[in-house]
A.B. asks: 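Okay, here's the structure, questions in a sec.
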Amino acid sequence: MDPASVIGLAGAVAGLADVIARTILTLSDLRNAYNQSDFKLSALICQLTTLKASLSHIAEMVNASDGNAPSPSIQFCEDLRVSMYGCEAMVSALDTRVAKFHQNEANGLSILGKIEVVLDDSTIDEYLSMLNNQTNALQLLLTTLQCQTSLAIDRKLQESSSRRIIDQVRDDTSSLISLYDTGSLASKKSTGAQDVPTNVPVSFSFDSEIVTSRVYQTAMRYQLRVSGNDDRADESDIASSRLGINRRFSFSVHSEKAFDPEDSSSVKSDHGDVNTNPVSKITFYTKSARRETAPPKQFLPRTDISTISKKILLLGSSESGKSTLIKSLTCAFDPLDEQARQTYIEEIIENCVETMRLLVIETDMDREGAGSILQNKYRLLMEGDNDERGSLRMHEMLAEAISSIWQNPEMQIRVENRRQHQEMYYLPTSSEYFLDSVSRLSDSNYLPTDNDILRSYCKTSGVSTLEFSSAGRSYSFYDVGGARSQRRKWIELFPKADIFMWTFDISCSGEVSQDHGGDSMEEQLELWEFVVNHHRIDFDATFVVIFTKIDKLTPAVISRLLSMEFFQGYEKGRKDVDMVLDHAANRLSRAVMSSRINVSFGRASIATSPTNMAEEAMRTLEQLDSI
Ligand SMILES: Nc1nc2c(ncn2[C@@H]2O[C@H](COP(=O)(O)OP(=O)(O)OP(=O)(O)O)[C@@H](O)[C@H]2O)c(=O)[nH]1
Ligand SMILES: [Mg+2]
């Protein structure tokens with residue numbers, strides 16, 4: 001293991017063990033003073049003791065590992081990081097709560113009263129469940145440390161049951177931070193006083209509403225196998241990635257920003273630099289992660305925009321095309337220069353390599369093809385250094401390995417099977433596009449094309465903004481993340497938007513949701529119903545739905561779509577794309593209960609041209625009466 005991680009781990013475990021010991025002591029005192037044996041309090045103490053033992057065990061094993069022990073993989077380190085951060089967050093939160101017992105000593109509450117105030121039954125239940133999940137994660141990591149090789153460690157961690165355990169911890173941490181003990185954790189975890197601005201809506205009253213919604217309750221968690229880990233992200237980015245925001249295909253993260261269009265500082269991009277092309281009269285607030293290399297440009301004074309700007313909030317499920325629309329608008333109004341294109345290289349290469357990795361894991365090609373000439377290539381791909389995979393240029397040997405695996409006839413058969421039958425595993429939308437382009441991507445002079453940029457996927461966290469003027473009107477597009485953890489912010493933003501633009505992926509029926517493991521289309525429909533009928537949208541609202549990924553509406557995909565309940569009553573023989581979209585539009589409109597909500601529809605495909613999505617979105621917008 002990387003020495004820095006070991007030192008950090010040892011320190012973290014020691015600190016945590018102290019806090020846990022203190023918490024156990026206070027709880028034990030309370031239990032004794034309570035004079036009755038309170039079962040839940042005892043259970044809490046017991047769980048904390050187990051967690052403390054697991055932590056010590058992990059620290060011992062890592063510290064004691066001699067030179068012959070397998071070096072834990074990137075995956076192990078990442079999972080350990082997630083787990084440790086989760087432990088720290090949870091223990092800090094619990095400690096803060098328990099400390100209130102002492103604070104309340106003067107207010108005359110009985111012991112029982114204090115327990116009820118500080119740790120009511122349901123809170124104890126939540127902590128018990130989180131402690132249990134944390135202990136499971138640490139036990140899993142301990143088990144993997146018994147493995148003989150780092151490949152075996154990786155395999156164990158990549159099993160879906162392992163992913164479920166780590167993801168659960170990540171989720172708990174994310175919920176804990178945003179829902180429960182935000183104040184205490186923000187101050188404890190903050191990497192600097194400035195990284196949590198006071199106007200950032202870290203915790204919202206609606207969170208529990210979302211979390212308990214049908215979408216989440218019915219959805220099954222999908223087991224992601226690899227987590228993103230961008231050490232180059234700035235401190236606030238690291239804070240967000242620690243919350244579980246930075247996952248597979250989340251190669252860059254944005255710090256959280258309040259959605260407050262009245263406040264110019266809050267709508268600027270994370271680093272605050274903006275570029276403007278005076279010729280096209282378009283003002284862009286560029287994305288944070290790529291901005292280091294882009295020169296700062298001049299921009300229109302904020303007042304020019306704010307007085308007349310229409311605020312458009314982009315909504316839709318993850319990977320439905322929200323950020324792609326932003327990129328398409330960029331292509332249409334302010335084409336990227338060479339320097340800006342270069343900033344996408346790393347993300348694109350990472351998309352390609354991680355896709356191949358995912359495919360090998362999901363198809364079990366490496367396990368079943370033991371002894372084949374591809375074994376070395378699998379090893380190179382799966383065990384390769386993370387720096388190598390994410391580096392600015394794709395290593396020649398890695399490119400060759402990816403090409404060979406991709407072109408292997410058995411792999412092609414399995415991919416074709418998935419295409420035809422939608423085997424239940426997640427693959428990013430542009431997998432095939434990038435895998436078909438490996439030789440081009442690995443060229444030493446590679447410069448991403450518009451298509452490459454539009455095809456790459458980087459999960460959005462936080463809010464990024466694009467402002468521009470077109471045909472005498474000004475627009476501010478707000479791009480928020482559609483992943484489960486990101487949706488918590490939406491409702492808070494509802495009242496601020498003039499128009500809701502919903503990117504609706506029409507091609508995703510039968511696809512596995514990256515977030516939940518359920519059917520992406522089902523999830524998307526439930527999300528639509530939930531949002532358009534949300535009580536916070538109690539004003540005259542305009543929704544513009546853009547059906548995305550029209551190019552993926554192959555006959556097989558249409559058949560799958562027509563077999564859904566959503567298409568009940570629709571004549572199955574009518575496979576014409578226009579008719580299918582009309583029906584879908586009709587059904588989506590009918591799901592809206594309120595007569596105060598107006599819905600318009602458009603459609604787009606990046607396969608038509610990089611600017612098609614922008615043109616279609618703008619055309620649909622300009623047709624609205626309210627514009
Ligand atoms: N084939 C095809 N792919 C598309 C089309 N539109 C978007 N995509 C792809 O779908 C993926 C969508 O990615 P994003 O636009 O980043 O998704 P998002 O909605 O912003 O997702 P989150 O940030 O997670 O909420 C990308 O890989 C795009 O290239 C389309 O019309 N056709
Ligand atoms: Mg996005």
Side-chain angles (χ1 to χ4, degrees), residues 1-6 9-10 13 54-84 86 133-170 222-229 247-248 353-390 395 397-398 401-402 404-405 408 410-411 414 425-426:
M1 176 182 259
D2 156 29
S5 312
V6 174
L9 175 74
V13 169
S54 305
L55 277 168
S56 308
H57 198 171
I58 283 253
E60 264 168 38
M61 286 194 73
V62 171
N63 288 337
S65 63
D66 54 31
N68 299 328
S71 151
S73 60
I74 301 266
Q75 180 74 73
F76 180 89
C77 295
E78 169 61 13
D79 288 352
L80 184 58
R81 190 180 66 82
V82 169
S83 178
M84 291 303 298
N133 296 338
Q134 284 293 352
T135 310
N136 284 345
L138 291 176
Q139 292 295 342
L140 167 71
L141 293 168
L142 276 168
T143 312
T144 65
L145 281 176
Q146 320 277 352
C147 296
Q148 298 299 317
T149 64
S150 50
L151 184 63
I153 292 180
D154 240 4
R155 278 206 193 295
K156 178 79 194 148
L157 289 173
Q158 282 158 0
E159 282 171 12
S160 55
S161 54
S162 306
R163 297 324 312 150
R164 197 162 34 233
I165 290 170
I166 299 291
D167 279 346
Q168 186 59 57
V169 165
R170 202 196 305 265
Y222 179 62
Q223 298 89 48
L224 293 168
R225 296 174 188 243
V226 182
S227 297
N229 185 9
R247 283 194 173 157
R248 183 197 293 282
V353 178
E354 290 300 337
T355 296
M356 189 74 254
R357 227 178 160 225
L358 184 57
L359 206 47
V360 168
I361 292 168
E362 294 292 4
T363 55
D364 265 349
M365 280 289 285
D366 53 340
R367 293 180 211 197
E368 291 176 18
S372 80
I373 49 165
L374 287 179
Q375 276 306 327
N376 286 342
K377 302 185 196 298
Y378 292 134
R379 195 162 301 123
L380 180 73
L381 174 74
M382 306 304 276
E383 292 190 333
D385 185 318
N386 200 36
D387 289 344
E388 203 174 88
R389 291 204 304 272
H395 190 282
M397 277 164 64
L398 182 60
I402 293 175
S404 309
I405 299 170
N408 180 276
E410 182 56 32
M411 174 61 90
R414 290 178 194 208
Y425 60 87
Y426 164 80

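If you're wondering where the values come from, they're calculated on a predicted model, not measured in any experiment. Quick note: numbers below take in every heavy atom, side chains included, and nothing from hydrogens, waters or symmetry partners. Each residue takes its place number in the sequence, starting with 1.
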A.B. asks: Would you mind reporting whether Asp79 and Arg163 have side-chain heavy atoms less than 4.5 Å apart?
C.D. replies: yes
A.B. asks: Using 0.5 Å steps for rounding, measure from the OG1 atom of Thr363 to the CE atom of Met411.
C.D. replies: 4.0 Å
A.B. asks: Quick one: does Leu157's side chain get under 4.5 Å of Leu141's, heavy atoms only?
C.D. replies: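 Result yes, sub-4.5 Å side-chain heavy-atom pair found.
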A.B. asks: Less than 4.5 Å apart, side chain to side chain, heavy atoms only: is that true for Lys377 and Met356?
C.D. replies: no
A.B. asks: First locate atom CG of Asp154, then atom OG of Ser162, and finally report the distance between them rounded to the nearest 0.5 Å.
C.D. replies: 10.5 Å
A.B. asks: Can you confirm whether Leu358 sits close enough to Tyr425 that some side-chain heavy atom of one is under 4.5 Å from a side-chain heavy atom of the other?
C.D. replies: no
A.B. asks: For Val169 and Ser83, work out which heavy atoms get closest and say how close.
C.D. replies: CG1-CA, 4.1 Å
A.B. asks: Given side chains that start at C-beta, do those of Ile165 and Asn133 come closer than 4.5 Å, heavy atoms only?
C.D. replies: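 A side-chain contact under 4.5 Å is absent here.
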A.B. asks: What distance do Thr135 atom OG1 and Leu55 atom CG have between them, rounded to the nearest 0.5 Å?
C.D. replies: 8.5 Å
A.B. asks: Drop me the distance from Ile166's CD1 to Asn136's CG, to the nearest 0.5 angstrom.
C.D. replies: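 That separation rounds to 10.0 Å.
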A.B. asks: Given Arg155 and Glu159, is the salt bridge (charged side-chain N to carboxylate O under 4.0 Å, His left out) satisfied, shown in steps?
C.D. replies: CA-CA 6 Å; Arg155 278 206 193 295; Glu159 282 171 12; over 6 Å; no
A.B. asks: Which value, rounded to the nearest 0.5 Å, describes the distance between Ile402 atom CD1 and Arg357 atom CZ?
C.D. replies: 11.0 Å
A.B. asks: Would you say the side chain of Lys156 lies within less than 4.5 Å of the side chain of Ile153, judging by non-hydrogen atoms?
C.D. replies: no
A.B. asks: Distance from Ser161 atom OG to Arg164 atom CZ, nearest 0.5 Å?
C.D. replies: 6.0 Å
